[in-house]
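In what follows, residues are counted from 1 in the order of the sequence shown.
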Amino acid sequence: MTKTLIALLGLTLAPSLAIGSDIAPAKDQIASSVLAAPEDRRAEAAVLGYSPGGKLVTLREGSNDLVCLADDPKNDNFSVACYHKDLEPYMSRGRELIAQGIAGKQRNAIRWKEIADGKLEMPREARALYVLNGSGFDAAAGEVTDPYLRWVIYKPYATPESTGLSTTATPGAPWLMSAGTAGAHIMINPPKPKKK
């Protein structure tokens with residue numbers, strides 16, 4: 001994984017120790033987090049967010065296959081994500097490791113070994129992750145300011161040969177990251193909007 005994606009996932013998926021006054025109301029956490037999902041999948045998605053004490057909790061049960069994660073109030077960068085529920089064991093384990101101070105390549109190596117050893121569930125079929133970043137959330141307007149949406153398709157053990165994809169990042173084009181590993185995934189980063 002690139003350092004940027006590792007940092008993003010760490011910031012997005014790490015549990016929070018935030019002070020209660022910094023934590024958005026549950027309704028705003030739900031409203032902002034589901035914006036990462038496709039519009040037709042938002043209303044039924046489960047939402048994980050932060051209690052007034054900063055603990056990651058279920059804010060809303062879901063009835064479809066998506067789990068959305070609210071912005072971590074302890075981080076300055078606004079980032080929310082939604083992913084297929086089959087990725088929850090992988091994402092949850094990532095949060096556990098970050099809470100233990102294990103990040104980056106070491107975190108990936110641990111999870112990938114646990115998958116290979118049958119200790120951690122990871123679907124073999126493709127599963128989606130949507131990541132929405134911005135400079136903040138305007139609760140009154142119900143919008144993320146300066147939004148940038150990216151897509152990740154997890155496909156464990158995918159290779160350039162099995163997918164036809166390059167392992168070199170190209171703006172606006174899909175490419176394969178962590179090829180051949182249990183955490184292999186297709187990155188789709190649209191061009192970033194030009195600042196006005």
Side-chain angles (χ1 to χ4, degrees), residues 1-38 42 45-60 66-83 87-88 90-108 111 128-154 169 171-172 175 177-178 183 185 187-196:
M1 286 186 147
T2 64
K3 289 180 182 177
T4 304
L5 182 60
I6 290 168
L8 169 68
L9 291 176
L11 292 173
T12 303
L13 304 177
S16 176
L17 300 174
I19 300 169
S21 63
D22 294 336
I23 297 172
K27 68 179 181 59
D28 292 345
Q29 291 184 64
I30 293 167
S32 62
S33 65
V34 299
L35 293 176
R42 295 174 184 170
V47 178
L48 303 177
Y50 298 89
S51 70
K55 182 179 177 185
L56 187 65
V57 296
T58 299
L59 296 178
R60 183 176 84 183
L66 287 185
V67 176
C68 294
L69 184 64
D71 180 55
D72 186 337
K74 76 175 180 182
N75 295 314
D76 293 334
N77 301 328
F78 178 87
S79 183
V80 295
C82 295
Y83 49 86
L87 292 172
E88 177 57 18
Y90 186 73
M91 298 300 182
S92 178
R93 182 64 174 138
R95 293 189 295 266
E96 288 172 5
L97 292 169
I98 287 174
Q100 296 169 23
I102 301 169
K105 290 181 180 179
Q106 185 182 9
R107 179 178 72 142
N108 287 337
R111 289 191 293 178
L129 162 70
Y130 308 91
V131 181
L132 177 61
N133 298 93
S135 57
F137 177 66
D138 181 342
E143 298 176 348
V144 173
T145 49
D146 304 315
Y148 179 68
L149 180 63
R150 299 180 302 116
W151 304 274
V152 179
I153 310 296
Y154 278 89
W175 61 285
M177 184 179 276
S178 303
H185 54 279
M187 298 290 300
I188 306 169
N189 299 336
K192 290 190 176 181
K194 293 183 180 178
K195 296 202 176 192
K196 296 177 183 177

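You'll find the side chain of I23 stays beyond 4.5 Å of the side chain of P52, heavy atoms only. At least one side-chain heavy atom of L48 sits less than 4.5 Å from a side-chain heavy atom of R95. Considering only heavy atoms from C-beta on, R60 comes within 4.5 Å of V34 through its side chain.
The salt bridge (Lys or Arg N to Asp or Glu O under 4.0 Å) test applied to E143 returns no partner, not counting sequence neighbours. Taking A128 as the reference, Y130, I153 meet the side chain to side chain contact (heavy atoms under 4.5 Å, CB included) condition, with sequence neighbours excluded. Residues satisfying the salt bridge (Lys or Arg N to Asp or Glu O under 4.0 Å) test with R93, not counting sequence neighbours, are E96, E114.
With values rounded to the nearest 0.5 angstrom, L66 atom CG is found 10.0 Å from L87 atom CG. The CD1 atom of I102 sits 12.0 Å away from the CG atom of N108 when rounded to the nearest 0.5 Å. Rounding to the nearest 0.5 angstrom, the gap separating the CG atom in N189 from the CH2 atom in W151 is 9.0 Å. The distance from the CG atom of L149 to the CD1 atom of I188 is 10.5 Å, given to the nearest 0.5 Å. Summarising the geometry, atom CG belonging to L56 is positioned 5.0 Å from atom OH belonging to Y50; distances are rounded to the nearest 0.5 Å.
The main-chain N or O of M187 is never found under 3.5 Å from a side-chain atom of R150 such that the two would form a donor-acceptor pair. Without hydrogens or angle criteria, S33 side chain to V80 main chain gives no donor-acceptor distance under 3.5 Å.
Taking each heavy atom of V144 and F78 in turn, the nearest pair found is CG2-CE2, 3.6 Å. The two atoms that bring S79 and N133 nearest to each other are OG-ND2, 3.2 Å, heavy atoms only. Across all non-hydrogen atoms, the minimal contact from R42 to A37 is NE-O, 2.9 Å. In plain terms, the two heavy atoms of P147 and L132 that are nearest each other are CB-CD1, 3.9 Å. Between Q29 and S32, the closest heavy-atom pair is O-OG, 3.2 Å. Residues G172 and P191 come closest through the heavy atom pair CA-CD, 3.8 Å.
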Practice problem: Go through the steps for Y90 and Y154 under the test ring-ring contact (aromatic ring centres under 6.0 Å, His included), then give the verdict. | Solution: CA-CA 11 Å; Y90 186 73; Y154 278 89; 5.7 Å; yes
**Test side chain to side chain contact (heavy atoms under 4.5 Å, CB included) applied to L69 and M91, step by step** = CA-CA 10 Å; L69 184 64; M91 298 300 182; over 6 Å; no
